[in-house]
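All remarks here apply to the structure that follows.
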Amino acid sequence: MDTQLSTKIPWWFWLITILALFWNLMGVGAFIADISVTPEALEAMPEPQRAMYENNLLWAKFIYGIAVFSGVLGSFALLLKKKWAKPMFVISLLAIIIQMGYSLFVVKTPEALGNTAYILPALVVLIAAFLIAFTNSSIKKGWLK
C-alpha cells in the first residue's frame, strides 16, 4: 500500500503567493502601458522623458515582457504548488536585471526621472530575489511538487 504524507501548508504561504500574483500582474499592466504609449502622449512628455521612451529599443521591451510574464507564470505555479515556479522566477529575475540595467545605465532613466528612478528597480529586484528564496524554501519544505 502506498501511503503519502501530506504536508500542511500554512496560511501565509497562500498570502505570499496571492500577493506575488498581484505584484506580477501589476508588472504586466505596467508593461502594457509602457508599450502602448501613443504618439500624442509622447508629444506631451517633457523632452528627457520622451527621449527615454524613444531610446528604449525593441529588444529591451521584449526582455521586459519576458520578465513580467515569467513572473506571472511563476506565481501561477506557486498557486498550483508546482516546483517549476523556481525556473520561472529565475528567468524573471535575470530578465529584470538585464532590462533594468539597460534602462538605468544605457537609456539613462534617472536623467529623465531623477534619482528616484533607482528606487523601483531596486524594489523589483529585491522582490524577485525574495520570490526565488521563498520558492526554494517551499520546495525544501515539501510544499511544492
Side-chain angles (χ1 to χ4, degrees), residues 2-38 41-42 44-46 48-145:
D2 185 25
T3 59
Q4 186 177 5
L5 296 176
S6 176
T7 306
K8 183 165 173 31
I9 298 176
W11 65 269
W12 50 265
F13 170 88
W14 299 110
L15 176 65
I16 291 171
T17 299
I18 289 167
L19 290 174
L21 179 61
F22 284 135
W23 171 257
N24 283 294
L25 287 173
M26 286 191 316
V28 169
F31 171 72
I32 291 169
D34 191 54
I35 63 169
S36 302
V37 174
T38 64
L42 268 178
M45 290 179 187
Q49 230 177 341
R50 183 176 39 238
M52 179 185 74
Y53 273 93
E54 291 170 346
N55 292 328
N56 197 7
L57 300 176
L58 184 60
W59 71 262
K61 292 177 185 178
F62 180 74
I63 296 293
Y64 184 7
I66 289 172
V68 297
F69 288 106
S70 59
V72 168
L73 287 173
S75 297
F76 277 122
L78 280 180
L79 279 173
L80 298 171
K81 301 185 297 183
K82 300 294 182 187
K83 288 181 182 179
W84 55 267
K86 182 180 175 182
M88 290 294 99
F89 287 136
V90 168
I91 290 167
S92 180
L93 177 59
L94 292 173
I96 288 166
I97 291 169
I98 293 167
Q99 189 271 330
M100 294 290 186
Y102 174 76
S103 178
L104 289 173
F105 303 114
V106 177
V107 175
K108 301 186 191 253
T109 304
E111 289 180 8
L113 304 176
N115 285 335
T116 58
Y118 293 108
I119 296 170
L120 186 60
L123 181 64
V124 171
V125 168
L126 286 173
I127 290 173
F130 167 78
L131 289 173
I132 293 169
F134 176 72
T135 303
N136 272 335
S137 175
S138 298
I139 290 169
K140 288 177 184 172
K141 291 175 181 172
W143 298 344
L144 306 181
K145 304 293 178 204

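- At least one side-chain heavy atom of Phe62 sits less than 4.5 Å from a side-chain heavy atom of Ile66.
- Remark: side-chain polar atoms of Asn24 are paired, donor with acceptor, to backbone N or O of Ala20 under 3.5 angstrom.
- Residue Leu79 holds its CG atom at 6.5 Å from CD1 of Ile18, rounded to the nearest 0.5 Å.
- Between Phe105 and Tyr118, the ring planes are tilted. Angles from 30° to 60° get that label.
- Atoms NZ and OG1, from Lys81 and Thr17 in turn, are 10.5 Å apart once rounded to the nearest 0.5 Å.
- Expressed to the nearest 0.5 Å, how far CG of Asn56 lies from OG1 of Thr109 amounts to 7.5 Å.
- Under the 4.5 Å side-chain criterion, counting only non-hydrogen atoms from C-beta, Ile63 is not in contact with Tyr102.
- The two residues Thr116 and Leu113 come nearest to each other via the heavy atoms OG1-O, 3.4 Å.
- Looking at Trp23 and Ser75, their side chains never come closer than 4.5 Å, going by heavy atoms from C-beta outward.
- Shown here for Arg50 and Met45, the closest heavy-atom pair between the two residues is NH1-O, 3.4 Å.
- Nearest heavy-atom pair, Ser92 versus Ala67, reported as atom, atom and distance to 0.1 Å: OG-O, 2.8 Å.
- Listed by first then second residue, pairs satisfying ring pair (Phe, Tyr, Trp, His ring centres under 6.0 Å) with a partner in residues 63-87 read Phe31-Tyr64, Phe31-Phe69, not counting sequence neighbours.
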Side-chain atoms of residues 131-139: list all donor-acceptor pairs with protein atoms under 3.5 Å, sequence neighbours left out, distances to 0.1 Å.
unit_1 : atom_1 : unit_2 : atom_2 : d
Thr135 : OG1    : Leu131 : O      : 2.7
Asn136 : OD1    : Lys86  : NZ     : 3.0
Ser137 : OG     : Lys141 : NZ     : 3.4
Ser138 : OG     : Phe134 : O      : 2.9

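- Note that the CD1 atom of Ile96 and the CD1 atom of Ile91 stand 12.0 Å from one another [nearest 0.5 Å].
- In terms of heavy atoms, Pro48 sits closest to Glu111 at CB-O, 4.2 Å.
- Taking both residues in full, the closest heavy atoms of Phe89 and Gly74 are given as CZ-C, 3.3 Å, listed atom of the first, atom of the second, then distance.
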Check: Do Val107 and Tyr53 pass the side-chain contact (heavy atoms from CB on, under 4.5 Å) test, and can you show the C-alpha distance, the side-chain angles, and the key distance before you say yes or no?
Finding: CA-CA 9 Å; Val107 175; Tyr53 273 93; over 6 Å; no

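- In this structure, the side chain of Lys145 engages the main chain of Gly142 through a donor-acceptor pair within 3.5 Å.
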Margin query: Test side-chain contact (heavy atoms from CB on, under 4.5 Å) on Val106 and Leu57; report intermediate values, then the result.
Written below: CA-CA 11 Å; Val106 177; Leu57 300 176; over 6 Å; no

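- Across all their heavy atoms, Ala128 and Leu93 have their closest contact at CB-CD1, 3.7 Å.
- The structure places CH2 of Trp11 at 8.5 Å from CD1 of Ile16, a figure rounded to the nearest 0.5 Å.
- Listed for the Ser103 side chain is no donor-acceptor partner under 3.5 Å among the backbone atoms of Gln99.
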